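Okay, structure first, notes after.
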There are 2 protein chains.
Amino acid sequence: MIKVIVVEDHPIMVEGLKNILLNDAGIEMKGDYGNGKSVLQALEKEQPDVILMDVNLPDISGVTLCMEIKKKYEDIRIIGLSIHDEQPVIHSMLQNGASGYVLKNALGTEIIRAIYAIMDGEEYLCSNTKEALKNADAELLKAIPRITRREKEILQLIGKGLTTMQIADQLFISTHTVESHRKNLMEKFGVNNTTTVVKLATEYKLL
Amino acid sequence: MIKVIVVEDHPIMVEGLKNILLNDAGIEMKGDYGNGKSVLQALEKEQPDVILMDVNLPDISGVTLCMEIKKKYEDIRIIGLSIHDEQPVIHSMLQNGASGYVLKNALGTEIIRAIYAIMDGEEYLCSNTKEALKNADAELLKAIPRITRREKEILQLIGKGLTTMQIADQLFISTHTVESHRKNLMEKFGVNNTTTVVKLATEYKLL
DNA sequence: TGTAAAACCCCTGTTTTCCGGTATTTTTTC
DNA sequence: GAAAAAATACCGGAAAACAGGGGTTTTACA
């Protein structure tokens, strides 16, 4: 029997997953948890083979939770579960130890298939996820620039409407330095004024 | 027996709803549909008492579907079902004939309660929806400013990264005029630089 | 572990934006 | 249909952002 637990904050969804899992003879559903904290607690006592994990939890991001669980219990396999088909989210889940990713519009059978697949050591992505990743390749070209911590900090302050001088004061650096970061941001985003940088950053949900 | 049908494109969710509804003796689940078209077809043959309807369907918006169903079959009561707690969506559902609104993070019991409540002629909102509407009131105050055609035109050009002079050239007006609009935009958005205006406009999806 | 790239920091002159006004035309609204 | 309000248009000086240069410290990786 494959021991499975569910981490998901939507009760209706939990109900649906329970139903799907219970209908399969080889799978045993060992419990469900509505947030990251409670799973981490539960794991201290007993570990399942597989965790079905919603990526959007109320208390902690799925990516972080995934990382933490894999750090402590590397044998547990994790399947990310989400309505989001955004390439960055999918990638960071997989990079942080998830073995599978299934979108919430998937069929119940895909969940079952995913569980068996990752127990066989495979990586499982549902068809819609694969589709999303394929489309994402095109978007990768006009990808989100890689931004440093400092740049992000300054970008956020600019987004708040602060002027270069105010930012300089707040970060205890010269206005020239701030302008330098500003310049680099424009460079990285491939535009020539901060306004457009902020627009793009907003669209990319960096702000 | 209250006849209920479900319109929802997430199979797992459907599974969960089915479970919840079947467990109640007074409710009869008459079927589920994954998109708007198929429900409309099904309704021609037989009408339920209540429709549980996801607001985000693949083929048609929940608001439109709600409106169409109420136009043809005014006795059917509709409960909107969504992950979104955004005030505009909730309001337009209710304005277009929905009798209830339940967020997907609600408990199964809330669904049941909602069905019975609207069958009693009440309007039912789940606790989280009420909360969202309350918070939305505060947001309504800092609502999207009313912008003139000309201002929008200029805002869009600013969003493209053009300078005042380039905009003036393109619209055959003086740079001073452009700056005047720029100033008014800042005024209306309640901020003091164009960058923040563009950020807000982007968030409001005005750009 | 050494070195190249990246991140971070600073400067000067030029361009652009911002802010205080004012004036004319078009919409609302009573 | 007249008054009020809003939209559009314009100015000049002050403030901020931008462009293009250079330097030091971390970080990544071969």
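All figures in this text were calculated on a predicted structure; none of them were measured in a lab. Within every chain, numbering begins at 1; the chains are lettered A, B, ... in the order of the sequence lines, protein sequences first and strands thereafter.
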query = Phosphate oxygens OP1/OP2 of D:dT8: is one of them under 4.0 Å from a side-chain N or O of B:Thr148?
reply = yes
query = Which nucleotide in the list D:dA9, D:dA16, D:dC18 gets nearest to the side chain of A:Met165?
reply = D:dA16
ask   = Do you know the tightest heavy-atom contact between A:Leu21 and A:Ile112?
value = CD2-CD1, 4.3 Å
inquiry  = Nearest heavy atom decides the nucleotide; on that basis, is B:Ile147 or B:Ser174 closer to the 5' end of DNA chain D?
reply    = B:Ile147
query = When you measure from the side chain of A:Ile173, which nucleotide among C:dT17, D:dC10, C:dC9 comes out closest?
reply = C:dC9
note = Closest of D:dT8, D:dG20, D:dA9 to the A:Lys183 side chain is D:dG20
Distance in angstrom units between B:Gln166 CD and C:dT17 C1', rounded = 14 Å
task = Could you check how far CG of B:Asn184 sits from C1' of C:dA23, rounded to whole Å?
result = 14 Å
inquiry  = Side chains of A:Glu122 and A:Tyr116 only: does a donor on one sit below 3.5 Å from an acceptor on the other?
reply    = no
Rounded interatomic separation in angstrom, taking CG from B:Asp169 and P from C:dT16 = 11 Å
message = Check the phosphate of C:dT17 against B:Arg182, side-chain N and O only, distance under 4.0 Å to OP1 or OP2. Yes or no?
response = yes
task = Would you please confirm or rule out a distance under 4.0 Å between OP1 or OP2 of D:dA9 and any side-chain N or O of B:Arg150?
result = yes
query = Which heavy atom of B:Cys66 sits nearest a heavy atom of B:Asn96, and at what distance?
reply = SG-O, 3.4 Å
task = Among C:dA7, C:dC9, D:dC18, find the nucleotide with the atom closest to the side chain of A:His181.
result = C:dC9
message = So if I take every side-chain heavy atom of A:Met186 and compare against D:dT8, D:dA19, C:dC18, which nucleotide ends up nearest?
response = D:dA19
ask   = Once you round it to whole Å, what is the distance between P of C:dC8 and NZ of A:Lys188?
value = 8 Å
task = Take atom CD1 of B:Ile154 and atom P of D:dT8, then tell me their distance rounded to the nearest Å.
result = 8 Å
request  = Measure from the side chain of A:Thr194, starting at C-beta and using heavy atoms only, and say which of D:dG21, C:dC19, D:dC18 lies closest.
outcome  = D:dC18
query = Which residue, A:Val6, A:Asp32, A:Leu22, A:Asp54, forms the side chain to side chain contact (heavy atoms under 4.5 Å, CB included) with A:Leu17?
reply = A:Val6
ask   = The side chain of A:Thr164 lies closest to which of these nucleotides: D:dA17, D:dC10, C:dC10?
value = D:dA17
query = Under the 3.5 angstrom rule, does the side chain of A:Lys160 hit a backbone N or O of B:Thr196 as a donor-acceptor pair?
reply = no
key: Distance, rounded to the nearest Å, where B:Arg149 contributes CZ and D:dA7 contributes C1'   = 10 Å
task = Give A:Asn193 one of three labels, base, sugar-phosphate or nothing, depending on what nucleic acid heavy atoms sit under 4.0 Å from its own.
result = sugar-phosphate
key: Under 3.5 Å: donor-acceptor pair, side chain of B:Arg77, backbone of B:Ile118   = yes
query = Rounding to a whole Å, what distance do you find between A:Leu155:CG and C:dA7:P?
reply = 15 Å
query = So which nucleotide from C:dT16, D:dC18, D:dA9 ends up closest to the side chain of B:Ser180?
reply = D:dA9
key: Atom pair distance, as rounded to whole Å: CD in B:Glu187 and P in D:dA7   = 11 Å
task = Side chain of A:His176 only, please: which of C:dT12, D:dA9, D:dA17 is the nearest?
result = C:dT12
note = Picking from D:dA19, C:dC9, C:dC19, the nucleotide nearest the side-chain atoms of A:Asn192 would be D:dA19
query = Should B:Thr177 be listed as having a side-chain N or O under 4.0 Å from OP1 or OP2 of D:dT8?
reply = no
query = Can a side chain N or O of B:Thr175 be found less than 4.0 Å away from OP1 or OP2 on D:dC10?
reply = no
